[in-house]
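Note on naming: letters A, B, ... go to the chains in the order of the sequence lines (proteins, then strands), and numbering restarts at 1 for each one.
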Amino acid sequence: MKHKNKHKPRNNHNSIIEAKRNPKQTSKTGGTFVDKLYAYRDQHAQALFSSLGRLVASRLNALLTVIVLSISISLACGFYLLIMNTKQLTVDLESSNQISLFLHDDVSLASANRLANGIKLDPSVQMVKVITKEQALKEFEDFSGFGDAVRALEKNPLPIVLQVIPKNSLEEGQNVETLVENFKQAAEVDFAQLDLHWVKRLQTMIEVSQCAMILMGILLSLAVLVITGNTIRLEFHTRRDEIIIAKLVGATNSFVQRPFLYSGFWIGFFSGINAWFIVTLMMLILKQSVEKLSMLYNSSFHLLFMGFFETLALIFVSSMLGIVGSWVVVQIQLQQLKS
Amino acid sequence: MKHKNKHKPRNNHNSIIEAKRNPKQTSKTGGTFVDKLYAYRDQHAQALFSSLGRLVASRLNALLTVIVLSISISLACGFYLLIMNTKQLTVDLESSNQISLFLHDDVSLASANRLANGIKLDPSVQMVKVITKEQALKEFEDFSGFGDAVRALEKNPLPIVLQVIPKNSLEEGQNVETLVENFKQAAEVDFAQLDLHWVKRLQTMIEVSQCAMILMGILLSLAVLVITGNTIRLEFHTRRDEIIIAKLVGATNSFVQRPFLYSGFWIGFFSGINAWFIVTLMMLILKQSVEKLSMLYNSSFHLLFMGFFETLALIFVSSMLGIVGSWVVVQIQLQQLKS
Amino acid sequence: MLEFDNVSMRYQEVGDVLRNVSFRLTKGEIAFLTGHSGAGKSTLFKLIAMIERGNRGKIMFNKRDLSQIRSSQIPYIRREMGLIFQDYKLLNDRTVFDNVALPLVIMGYSAKEINGLVRAALSKVGLLGKERKLPLTLSGGEQQRVGIARAVVHKPLIILADEPTGNLDPELSAEIMHLFEQFQNVGVTVLIATHDISLISTLNHRVLRLDHGNLVASVK
Amino acid sequence: MLEFDNVSMRYQEVGDVLRNVSFRLTKGEIAFLTGHSGAGKSTLFKLIAMIERGNRGKIMFNKRDLSQIRSSQIPYIRREMGLIFQDYKLLNDRTVFDNVALPLVIMGYSAKEINGLVRAALSKVGLLGKERKLPLTLSGGEQQRVGIARAVVHKPLIILADEPTGNLDPELSAEIMHLFEQFQNVGVTVLIATHDISLISTLNHRVLRLDHGNLVASVK
Ligand SMILES: Nc1ncnc2c1ncn2[C@@H]1O[C@H](COP(=O)(O)OP(=O)(O)OP(=O)(O)O)[C@@H](O)[C@H]1O
Ligand SMILES: Nc1ncnc2c1ncn2[C@@H]1O[C@H](COP(=O)(O)OP(=O)(O)OP(=O)(O)O)[C@@H](O)[C@H]1O
Ligand SMILES: [Mg+2]
Ligand SMILES: [Mg+2]
């Protein structure tokens with residue numbers, strides 16, 4: 001706000017006639033700098049709380065605006081949490097992307113261990129696990145359901161298996177295949193198998209959901225922006241007369257826009273808090289069934305909630321959204337009013 | 001609209017002074033009924049198209065309203081399609097919920113077939129498939145990756161297996177287990193295995209996603225309703241003076257609300273069409289990656305788009321939403337205006 | 001045509017605005033309503049137009065007791081009145097033509113009839129040629145005359161004019177008064193609230209004088 | 001203080017509304033601006049207040065050429081003026097007190113100063129005791145006086161009053177004129193657009209007469 005040409009009254013007479021008119025003063029002559037600072041702060045504080053007061057006064061109005069905004073913000077938040085939770089899930093699933101190296105029947109456990117240690121040195125390998133014949137049989141029994149059948153066998157027909165988990169293999173399906181080719185070269189290896197089928201499925205599933213999420217994200221961001229802008233624009237419209245009149249009696253643009261910025265702030269602030277509650281409520285409702293699922297998967301998956309800093313960020317961003325939205329709308333409208 | 005007390009002018013003089021004033025007329029005396037009908041239709045047609053004209057005139061205003069509404073409607077639609085597509089997926093996955101009956105080693109293929117036919121008669125069974133020893137070995141080789149190991153065996157260690165697919169088994173996990181118990185009683189059956197682990201996982205996954213979807217659905221319906229109502233309310237607010245003045249010069253409530261109902265209709269109508277385009281565009285973007293996934297699953301999964309009747313329903317519902325939303329808001333506001 | 005019988009009106013906070021007002025206007029009569037600022041003139045008009053309703057006493061208009069009228073019937077009573085408001089009450093986003101046509105549109109006249117009647121009304125108040133302008137691009141006096149045209153365009157039974165000449169020069173004021181007298185001649189009752197002493201004195205009509213809500217004089 | 005030098009103003013569609021208007025008001029002078037409805041009085045005021053700007057010719061106010069003022073400086077010039085509008089232009093959702101206080105709030109006065117000045121201004125127009133009311137619950141004349149109070153509350157250099165007594169009774173009009181004369185005595189220039197012939201004739205001030213945009217007389 002500019003202070004140039006601002007009248008500072010010096011006298012405090014009650015009659016406006018008898019009091020000698022104040023000569024025109026610039027900010028350099030009227031009052032000390034500190035006085036001016038106080039007046040400036042007062043004016044801002046007053047605008048901040050009177051804007052809250054106005055919001056409370058037009059209850060239904062403000063309530064609806066906050067509801068609309070908080071729903072769109074909580075949709076965006078829910079979407080964010082979905083992404084974060086899915087990311088966690090992806091990490092979890094990565095372990096199912098593994099290479100099984102079946103060694104020749106006559107390879108001893110010692111040389112198998114040696115081979116495993118060699119493979120471990122490969123920079124693209126994350127982990128190697130040696131599965132002995134006995135473990136393999138046990139696992140096979142458990143996994144395949146052919147337990148009795150296998151147990152009936154006199155001799156364990158299964159070879160030693162090395163389970164190799166490559167690094168970041170999910171992202172680069174091609175690389176994994178060359179890795180498999182490499183492993184096949186080892187003398188001890190009978191044949192190698194990559195559960196590529198699974199990798200591809202997972203990759204495509206992730207692709208699809210990422211695609212869907214990006215689309216949803218774009219749509220939601222758009223929704224939040226448009227809804228915020230539209231709500232503030234309509235609020236501006238209902239207060240158009242007020243602005244015109246204030247400008248006619250000498251209000252600067254910054255004076256006119258201040259209450260809008262403040263009510264934008266309040267609306268954004270309360271919408272953010274409200275959105276947090278909506279999202280947290282939704283997550284709490286989801287929590288139980290997700291944990292059941294996680295238990296069945298034997299996974300360490302834990303539902304992510306809004307963290308402390310994320311909550312702060314949410315409230316900050318929604319407040320900013322309110323302020324910026326108001327600012328843009330007010331600028332456009334002030335342009336249209338011209339005079 | 002009531003026609004009582006409606007003035008119908010009889011003369012057509014151009015001077016308002018010289019023309020004798022029309023005596024007060026009720027609809028029973030002034031003009032024929034058909035005339036009245038025409039006037040009524042004209043008035044409605046005029047209101048319908050003038051409301052469109054007003055929407056076009058306040059372009060930015062109407063555009064923003066339609067954008068906001070169409071985004072929320074398309075979110076709801078996308079959500080609907082998600083459910084429909086997931087349902088399809090569920091049906092697809094149902095086949096993985098099967099019971100494997102491992103028969104005793106000495107059971108002949110003929111008696112296995114006889115047993116299978118017996119089981120087929122059970123009303124809760126959908127399908128029974130007999131897997132011969134040879135098929136089982138082949139499948140085992142393909143599936144387990146232990147091909148070479150198995151091929152090294154002299155004698156096929158695997159029994160005949162009956163694959164039983166129960167009806168609607170996904171929904172009633174408990175029932176399936178009793179079914180399995182029954183099958184176990186048969187003399188030919190060595191042991192029975194139910195991939196209950198998978199069933200439970202699937203059930204829980206579906207539970208979780210259903211829960212999430214219901215929450216999203218509630219939130220979205222709320223959003224659509226509140227946004228529609230709020231937008232119309234604010235539009236009403238900007239036209240409050242117009243309504244007050246119209247009522248002061250003798251407008252009935254139905255006359256006042258008519259343009260709002262019509263512009264509610266137009267807004268809903270265009271939002272519906274717009275939402276259809278948004279949803280279809282999103283589905284087209286998703287199509288490719290979904291089809292890749294579907295291929296990998298060897299499934300007959302096809303992405304569902306908005307069908308013809310669904311499109312009609314969408315446009316109908318969004319138009320109705322516009323009309324009903326306007327109606328509610330107008331009623332509330334007219335109540336507040338009292339006189 | 002119009003009869004006030006011991007009518008009182010009170011607003012919360014300010015108390016009685018009208019006190020035991022009784023008078024009677026016959027068909028085709030013109031009367032002035034005067035009184036200081038805040039005397040209750042506009043309030044009296046609002047009671048007749050049923051913009052405010054909570055009065056005591058009885059108001060009879062065209063043989064009907066206004067306190068007996070149901071809300072849904074108010075529009076039809078208002079169509080028999082021509083209201084000129086102190087603050088014009090024009091639709092600022094509609095043209096002059098549309099503003100004047102509003103009562104006719106509401107009453108379901110055909111487009112052709114509307115066109116003729118609106119142009120006739122506008123020519124009577126000297127605004128022919130300004131049909132396409134928006135109210136905000138008119139001068140104060142021109143806006144006031146748009147309000148007058150709208151009040152008379154549908155040939156009401158009674159014209160209630162609240163300060164109709166406040167923004168008009170003396171010549172135009174005289175013309176508007178002449179317009180009202182023409183309506184009087186075809187049997188329309190006219191009640192005019194005004195501060196314009198010279199207007200009242202040059203014309204020989206009955207004068208009702210309000211003072212702090214009391215009717216203190218009713219002279220010819 | 002105020003000088004018009006060959007000022008013309010045209011609106012698209014309607015053509016010239018002011019034609020070569022030249023006059024000069026010195027500090028502490030009162031002048032009436034008259035003319036028929038639509039003569040261009042309000043337009044002349046709008047040019048001074050820079051509500052409309054596209055004029056030809058030169059307008060000097062307080063030694064500054066108004067055509068040289070940048071948009072961002074307009075608010076500071078307006079604070080030296082007291083504008084009374086023909087249609088009041090009050091904030092209908094704020095109390096009378098807030099309406100009158102608006103110019104002071106904008107100029108950053110302290111709450112205590114505002115309280116004193118607003119009450120003084122309201123008492124001058126006879127509205128003390130109505131501070132808490134909303135404009136729509138006031139009579140027409142009371143609203144007009146709120147507008148007058150708002151225009152004088154911050155002691156402007158010039159008062160531009162557009163039809164300030166259109167809805168006031170003769171006694172109140174005289175009081176308002178007296179108020180303007182008090183301001184004149186402390187050096188405030190006052191320009192009053194009015195149709196009220198009796199008011200003009202009883203007071204001995206200069207009269208500027210507009211006719212279809214031409215200044216046809218400037219007599220004392
Ligand atoms: N809605 C309302 N609520 C409260 N008080 C009201 C309301 N309307 C009017 N008043 C008060 O009633 C009194 C009479 O008002 P009214 O408008 O009838 O005066 P008036 O005679 O028309 O005055 P004027 O000549 O100034 O228009 C005024 O003091 C006013 O403040
Ligand atoms: N914004 C505008 N656009 C177009 N024409 C306008 C505009 N403002 C005013 N006019 C026209 O300019 C003319 C002069 O208007 P102005 O308001 O100055 O008259 P006035 O002298 O104040 O009249 P009154 O006494 O009725 O208030 C009028 O004919 C009016 O229609
Ligand atoms: Mg009044
Ligand atoms: Mg004017």
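- With a threshold of 4.5 angstrom between heavy atoms, C:Leu90 approaches chain B through N, CA, C or O but not through any side-chain atom.
- Shown here is C:Lys58, whose NZ atom has no more than 12 heavy atoms of other residues, nucleotides or ligands within 6.0 Å.
- Within a 6.0 Å sphere centred on CZ of C:Arg24, other residues, nucleotides and ligands contribute 12 heavy atoms or fewer.
- Applying the ring pair (Phe, Tyr, Trp, His ring centres under 6.0 Å) rule to C:Phe85 yields no partners; only residues at least two apart in sequence or on another chain are considered.
- In this structure, C:Lys89 and B:Leu248 have side chains that are in contact, with non-hydrogen atoms separated by less than 4.5 Å.
- C:Arg53 does not touch chain B: none of its heavy atoms, backbone or side chain, sits under 4.5 Å away.
- Between B:Val249 and C:Ile106, the closest side-chain pair of non-hydrogen atoms falls below 4.5 Å.
- Proximity of B:Ile245 to C:Arg150: side-chain heavy atoms (C-beta onward) are separated by under 4.5 Å at one or more points.
- For B:Phe316, the CZ atom is loosely surrounded, since the number of other residues' heavy atoms within 6.0 Å does not exceed 12.
- Contact of the C:Arg79 side chain with the B:Thr252 side chain is registered, since non-hydrogen atoms from C-beta on lie closer than 4.5 Å.
- Nearest approach of B:Gly250 to C:Pro75, heavy atoms of both residues: O-CB, 3.4 Å.
- Both the backbone and the side chain of C:Leu91 come within contact range of chain B, with heavy atoms under 4.5 Å apart.
- B:Lys247 NZ to C:Ile51 CD1: the interatomic distance, rounded to the nearest 0.5 Å, is 11.5 Å.
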